[in-house]
Amino acid sequence: MSRAALLVLADGRFPAGGHAHSGGAEAAVKDGRIRDARDLEAFCRGRLHTTGLTAAGLAAAAALGHDLAALDAAADARTPSPALRVVARKLGRQMMRAARAAWPGAGLDELAVAFPRGTHQPIVLGAAARAAGLAPPDAAHCVAYETVSGPAAAVRLLSLDPFEATAVLARLAPEMDSVAALAASAALEGIDALPAASAPLLDITAEQHATWPVRLFAS
């Protein structure tokens, strides 16, 4: 297992397309639900323990080697928003391109052939982690971090001090660890045991955000 590979996969500069997505933060800022660092922390914490936990479970299961077609169906069932399903597959395609360039191999090639239109991004991330020689908890940690680091891009929307945004991520680190551990443990029990936590307000605002004629982020 390569810790350096984990750093590459979790690096914000990894060209997987996530920088173009706010994880619902843009809509929350417009609605007045995120106004400062305290609000951002609450938003990130809520996202981490709901959709973040669910996505981390999917990634850990993919890294463990569970059936990817079954995982794709499980991801669809856990993503009620059509707009977010589109986003998940779009990000999955971009992640696939980056992962195949970084860690070429039969596993990722087979996944790309099986899902020519893309599968959900956490599944691709888990498969990439497996190809890089990482363990399921590593994949879960990547997703947990991504879940909160994406919305932290709200610094661009709020003119928030980037030091404050980074402090938010640091304070959430113990919770990221616990979410990743819970997700990886569930993956060991099988697909039916994977978390299915949801955040209905994120689903609703994602549908609204998708109709905006002008927006800074894709989602």
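Numbers here simply count residues along the sequence, with the first being 1.
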Decide yes or no for F14 and L125: does some side-chain heavy atom of the first lie under 4.5 Å from some side-chain heavy atom of the second? no
Please examine the side chains of E110 and L68, heavy atoms only from C-beta on, and report whether any two atoms are closer than 4.5 Å. no
Drop me the distance from [X]'s [atom1] to [Y]'s [atom2], to the nearest 0.5 angstrom.
X: K30; Y: L216; atom1: NZ; atom2: CG; value: 13.0 Å
X: L134; Y: L6; atom1: CG; atom2: CG; value: 5.5 Å
X: T54; Y: L194; atom1: OG1; atom2: CG; value: 9.0 Å
X: M95; Y: I123; atom1: CE; atom2: CD1; value: 12.0 Å
X: R130; Y: L108; atom1: CZ; atom2: CG; value: 10.5 Å
X: H21; Y: K90; atom1: NE2; atom2: NZ; value: 5.5 Å

Can you tell whether the side chains of D39 and R33 come within less than 4.0 Å, N to carboxylate O? no
Hey, are E26 and R215 close enough for a salt bridge, meaning a charged N less than 4.0 Å from a carboxylate O? no
Evaluation steps, side-chain contact (heavy atoms from CB on, under 4.5 Å), between V124 and F115: CA-CA 10 Å; V124 181; F115 296 96; over 6 Å; no
Could you check whether any side-chain N or O of [X] sits under 3.5 Å from a backbone N or O of [Y], counting only pairs where one atom can act as donor and the other as acceptor?
X: T50; Y: A197; result: no
X: R78; Y: P195; result: yes
X: H66; Y: A187; result: yes

